[in-house]
Amino acid sequence: MRIRFWGTRGSLATPGPTTLRYGGNTSCVEVRTDDGTLIVLDCGTGAHRLGQALLAEAKPPLRGHLLITHTHWDHIQGFPFFAPVFTEGSEWDLYAPGGVGERLEAVLSAQMQHPYFPVTLAQLSATIRYHDLVEGALTVGGVRVVAQYLNHPALTLGYRLEADGVSIVYAVDHEPHMRDRPEAGRMGAPGASALHAEDARHVAFLEGTDLVIHDAQYTAAEYPDKVNWGHCPAETAVDYALAAHVRRLALTHHDPLRDDDAVDRLVAICRERARQAGRTLDVFAAAEGMSLEPTRRELRAPRPRRPAAASTAAPSAPAHVVLIADDDPVVVELLKATLRAETFQLYTATDGESALRIARAVRPSLILLDWLMPGLDGTQVTRALRADADPYFRDVPIVLLTAEAGATKTQEGFAAGATDYLTKPFKVPFVRARVRAWLERVGADSERGA
Ligand SMILES: [Zn+2]
Ligand SMILES: [Zn+2]
């Protein structure tokens with residue numbers, strides 16, 4: 001397997017004298033396997049030069065696969081400039097998170113409407129097939145791909161690729177779930193495990209890989225001002241990699257304000273962090289033009305915890321029933337407004353007893369419970385549902401809403417059986433993306449009859 005970086009910048013292309021070494025183009029990585037399968041990870045502005053290189057290397061028609069993490073600009077802006085999609089006879093399969101939300105074809109087509117671009121999506125000469133993905137495993141050419149949701153204000157997938165005896169993960173635009181103390185390094189300390197169940201899930205996703213290409217947009221020092229922006233401090237990326245026994249870590253999605261020298265300093269900090277943990281981890285910053293071949297070794301990684309059988313979403317998902325329980329009418333209204341645009345059937349309650357009664361009556365796909373409510377509080381309702389005679393309530397996602405996100409609180413919530421928690425005050429796009437991720441998991445489980 002060979003990897004080439006064509007775009008390593010996050011958020012905004014930043015060409016110029018201070019970004020010459022690490023590059024100014026936005027996210028785009030080329031993966032080529034021994035059997036010739038071509039996978040392009042994201043289609044930021046780096047895709048322009050990749051397209052030119054592909055056409056210089058081989059005469060069209062070209063065959064390739066484009067795996068898009070999400071459709072924020074820095075991940076799709078290069079698509080209309082990716083020359084291979086203009087070549088007759090070429091075939092491209094495009095993959096991106098779909099399901100409950102927007103469909104990939106519609107989003108790409110919107111980006112190419114005439115006020116923005118002279119050629120429409122329908123006018124591209126290549127044959128293009130669109131695949132809306134949910135979490136799970138699929139086969140792309142000769143590569144086994146596992147997709148898993150990341151934590152970002154848009155529904156975003158990370159991709160784990162396994163081929164040629166090598167495994168890599170591409171995880172950009174991800175924020176740690178344990179937001180209040182990413183500097184504590186708990187995930188990377190020897191013997192320590194991730195405090196938040198979703199962080200543990202992320203670690204399991206990276207487990208045992210030869211190379212992880214990870215979001216490292218911020219430093220730990222910058223992060224407190226960037227909470228809820230959907231990106232990762234580089235130090236936390238190191239902690240994830242250490243906890244997951246990763247061999248090499250490529251820091252990427254460099255902040256537009258980070259010049260080359262600042263990237264060097266951040267790499268030095270990250271190497272020191274790995275050294276202090278007493279572990280061997282090769283940390284480096286992804287640079288435009290960099291090419292590498294992850295070393296071959298036996299695939300010994302355990303599979304991520306919930307590998308789904310099939311990953312292509314059903315064309316029209318049924319309406320999901322969501323229960324919101326909070327004694328604060330402002331929070332209920334905010335959540336209702338956030339979710340109203342989606343095709344959800346919403347139920348609300350203002351105390352624990354009513355929440356329990358409604359949950360048993362309507363069996364929601366997702367339950368959002370305030371921690372502090374009159375009567376039964378959120379953890380008591382969670383315990384009651386998990387112990388219910390109806391087995392449906394054993395696995396339904398239950399999310400606790402709380403103003404405190406401390407470690408003790410978190411553990412208490414998970415001990416009660418909560419799936420996750422949301423910290424107040426909420427940021428609307430985050431809530432929407434998280435809700436979609438929880439519901440997609442429910443959908444994937446029910447498709448398998450699990
Ligand atoms: Zn991004
Ligand atoms: Zn993004």
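As the structure is a prediction and not an experimental result, all values here were calculated from the model. Atoms within each ligand, like the ligands themselves, are counted from 1 in listed order.
In terms of distance to the Zn ion (ligand 1), the nearest N, O or S atom of Asp74 is named OD2. Restricting His70 to its N/O/S atoms, the shortest distance to the Zn ion (ligand 2) is reached by NE2. Looking only at its N/O/S atoms, His253 has NE2 as the one nearest to the Zn ion (ligand 1). For the Zn ion (ligand 2), the nearest N, O or S atom contributed by His72 is named ND1. Restricting His152 to its N/O/S atoms, the shortest distance to the Zn ion (ligand 2) is reached by NE2.
Side-chain contact between Trp92 and Leu38 is present, with at least one heavy-atom pair separated by less than 4.5 Å.
For Lys424 and Asp328, the salt-bridge test fails: no basic side-chain N is under 4.0 Å from an acidic carboxylate O.
To the nearest 0.5 Å, atom CZ of residue Arg434 and atom CG of residue Leu422 are 8.0 Å apart.
At least one N, O or S atom of Asp173 sits under 2.8 Å from the Zn ion (ligand 2). Not one N/O/S atom of His75, from backbone or side chain, sits under 2.8 Å from the Zn ion (ligand 2).
A distance below 6.0 Å separates the ring centres of Phe414 and His196.
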message: As a quick check of understanding, evaluate side-chain contact (heavy atoms from CB on, under 4.5 Å) for Val40 and Leu50, giving each step before the final call.
response: CA-CA 9 Å; Val40 178; Leu50 166 61; 3.7 Å; yes
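The aromatic rings of His70 and His152 stand perpendicular to each other, their planes meeting at an angle above 60°, with 30° marking the opposite boundary.
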